[in-house]
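Taking it in order: structure first as structure tokens, then the write-up.
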Amino acid sequence: MPRFFVEEENIKEDIITLYGDDAGHISRVLRSKPGDLMTVCDGTGKDYEAEIFEISENTVRLRIKRTSFTDSEPSVKITLFQGLPKGDKMEFIIQKCVELGVYSIIPVYTERCIVRFDKNKEKKKTERWQKVAESAAKQSGRGIIPKIEEIMSFSDAVQASAGLDMAIIPYELEQERGLRSFLDEYRKSNENTLGIFIGPEGGFSLNEIEKAVNAHLFPVTLGKRILRTETAGMTAIANTLFYLDM
């Protein structure tokens with residue numbers, strides 16, 4: 001069943017109204033008609049099975065038939081702090097991490113980032129990345145659209161992670177603490193928010209690792225092999241959710 005997200009203000013009693021690109025997609029691409037059913041999500045984890053009763057290229061109106069809570073959201077809310085990679089890798093990272101179940105993503109400038117944007121380009125990039133997240137959320141049956149935050153400096157990202165219950169920073173030179181041993185400790189704490197820091201190509205500098213440790217982030221190893229930046233975040237998220245949420 002097709003799935004769309006809608007702002008809560010577009011739900012009035014038992015009527016849902018979709019506008020713009022979503023309405024155009026429903027009418028022109030899906031070629032839907034009155035009587036067709038689809039799932040609409042309010043972005044907070046509530047799903048509505050709804051029936052189209054009025055449709056045009058710019059507006060689709062549906063009547064709610066059934067309401068339920070999305071069961072696809074993980075119990076742990078993971079924020080990915082992703083060091084900005086080269087090229088279009090960020091779009092790939094966002095798409096796959098949203099499919100896996102990440103709660104939010106914060107792009108981060110680190111010492112070894114090659115990519116730098118001016119403020120105007122930062123805004124355009126963030127808007128583009130948010131659309132990628134929305135598309136991936138629709139495709140994968142998410143109950144929310146993960147938020148893509150504005151690009152932060154590494155110092156600001158570390159400070160932001162203080163608002164989470166715990167945070168880890170996978171590091172290729174860490175040899176003692178593995179991801180599993182950390183997750184054993186995390187599970188016992190009964191916490192539900194977790195930050196994961198992933199470096200860009202070239203990883204984190206020693207200065208950044210020291211700054212992270214001083215801010216009570218936990219360095220962990222993801223195994224004996226060094227992973228690419230576009231692989232490391234997905235690996236950490238997938239293993240974390242498998243271990244904590246299955």
Side-chain angles (χ1 to χ4, degrees), residues 73-85 89-113 129 133 136-137 140 142 144 146-174 176-187 189 191-205 208-223 225-246:
E73 289 305 306
S75 59
V76 56
K77 296 179 178 179
I78 297 176
T79 296
L80 174 66
F81 296 84
Q82 175 65 51
L84 281 173
K89 292 178 185 177
M90 192 67 182
E91 292 190 12
F92 177 79
I93 291 167
I94 290 169
Q95 181 188 67
K96 299 310 174 188
C97 290
V98 168
E99 289 177 21
L100 286 169
V102 75
Y103 182 75
S104 64
I105 298 176
I106 299 178
V108 181
Y109 285 129
T110 69
E111 289 183 22
R112 294 177 179 171
C113 278
W129 293 335
S140 57
R142 294 291 302 270
I144 65 166
K147 173 74 171 171
I148 311 301
E149 303 287 353
E150 294 181 359
I151 302 173
M152 292 185 183
S153 68
F154 182 80
S155 294
D156 287 343
V158 169
Q159 186 174 350
S161 72
L164 304 174
D165 295 323
M166 291 186 187
I168 59 174
I169 184 163
Y171 183 48
E172 64 270 18
L173 296 183
E174 174 62 29
E176 296 182 5
R177 187 196 301 268
L179 179 61
R180 182 171 179 174
S181 64
F182 168 81
L183 293 176
D184 281 335
E185 298 173 23
Y186 182 86
R187 175 181 276 170
S189 70
E191 308 288 10
N192 72 342
T193 60
L194 174 66
I196 298 177
F197 279 70
I198 299 295
E201 298 88 351
F204 292 110
S205 69
E208 287 169 331
I209 294 297
E210 290 175 348
K211 187 178 293 186
V213 170
N214 290 337
H216 306 294
L217 274 71
F218 296 90
V220 299
T221 174
L222 296 180
R225 292 159 297 283
I226 296 177
L227 305 178
R228 293 178 181 271
T229 184
E230 63 267 36
T231 309
M234 289 187 286
T235 299
I237 291 169
N239 280 286
T240 295
L241 293 180
F242 176 80
Y243 198 67
L244 296 179
D245 208 56
M246 295 294 285

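Quick caveat, the model's predicted, so the values are computed rather than measured.
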Roughly how far apart are L222 CG and L227 CG, rounded to 0.5 Å? 6.0 Å
Side chains of M90 and P107 in contact at under 4.5 Å (non-hydrogen atoms): yes
Tell me every residue that passes side chain to side chain contact (heavy atoms under 4.5 Å, CB included) with A160, counting only those two or more places apart in sequence or in another chain. F81, M152
Interatomic spacing from CD1 in I237 to OG1 in T79 - rounded to 0.5 Å: 9.5 Å
Indicate the atoms forming the closest heavy-atom contact of A212 with F154, along with that distance. CB-CZ, 4.4 Å
CD1-CG distance between I78 and L241, expressed to the nearest 0.5 angstrom: 4.0 Å
If you define the side chain from C-beta out and look only at heavy atoms, does anything of N239 sit under 4.5 Å from L183? no
Counting distance only, does the side-chain N/O of R177 pair as donor-acceptor with the main-chain N or O of V220 below 3.5 Å? no
Once you round to the nearest 0.5 Å, how far does OG1 of T231 lie from CZ of R225? 12.0 Å
Mark yes when over 12 heavy atoms from residues, nucleotides or ligands other than Q159 sit less than 6.0 Å from its CD; otherwise mark no. no
If you draw the axis of the six-membered ring of Y243, does the NZ or CZ of R180 fall within 45° of it and under 6.0 Å from the ring centre? no
Non-hydrogen atoms of A236 and L179 that approach each other most closely: O-CD2, 4.2 Å
Beyond-backbone contact of V76 with Y103, side-chain heavy atoms, under 4.5 angstrom: no
S75 side chain near D245 side chain, heavy-atom distance below 4.5 Å: yes
Quick one: pull up CG in D156 and CD1 in I106 and give me the separation to the nearest 0.5 Å. 10.0 Å
For residues M234 and C97, report the shortest heavy-atom separation together with the two atoms involved. CG-SG, 3.9 Å
Hey, what do you get for CG (L244) to OH (Y186), rounding to the nearest 0.5 Å? 7.0 Å
Could you please spell out the steps behind the side chain to side chain contact (heavy atoms under 4.5 Å, CB included) verdict for I198 and I196? CA-CA 7 Å; I198 299 295; I196 298 177; 4.0 Å; yes
Can E208 and K211 be said to form a salt bridge (Lys or Arg N to Asp or Glu O under 4.0 Å), step by step? CA-CA 5 Å; E208 287 169 331; K211 187 178 293 186; over 6 Å; no
So which heavy atom on P219 is nearest to which on L217, and how close? CD-O, 3.4 Å
List for me each residue that meets ring-ring contact (aromatic ring centres under 6.0 Å, His included) alongside F182, sequence neighbours excluded, and say none if there are none. F218
Using side-chain hydrogen bond (donor to acceptor under 3.5 Å, both in side chains) as the criterion, point out the one residue from K89, E201, Q82 that pairs with T229. Q82
Testing the basics here: between S181 and G178, what is the closest heavy-atom pair and its distance to 0.1 Å? OG-O, 2.9 Å
Without swapping roles, check the side chain of E185 against the backbone of R187 for a donor-acceptor pair under 3.5 Å. no
Check residues 161-172 and write down every donor-acceptor pair under 3.5 Å in which the side-chain atom is one partner and the other belongs to a residue at least two apart or another chain.
| unit_1 | atom_1 | unit_2 | atom_2 | d |
| --- | --- | --- | --- | --- |
| S161 | OG | V158 | O | 2.6 |
| D165 | OD2 | N192 | N | 3.0 |
| D165 | OD2 | T193 | N | 3.0 |
| D165 | OD2 | T193 | OG1 | 2.9 |

When every non-hydrogen atom of A137 is compared with those of V98, the smallest separation belongs to N-CG1, 3.6 Å
Between I105 and W129, is a side chain to side chain contact (heavy atoms under 4.5 Å, CB included) present by the stated rule, with each step listed? CA-CA 10 Å; I105 298 176; W129 293 335; over 6 Å; no
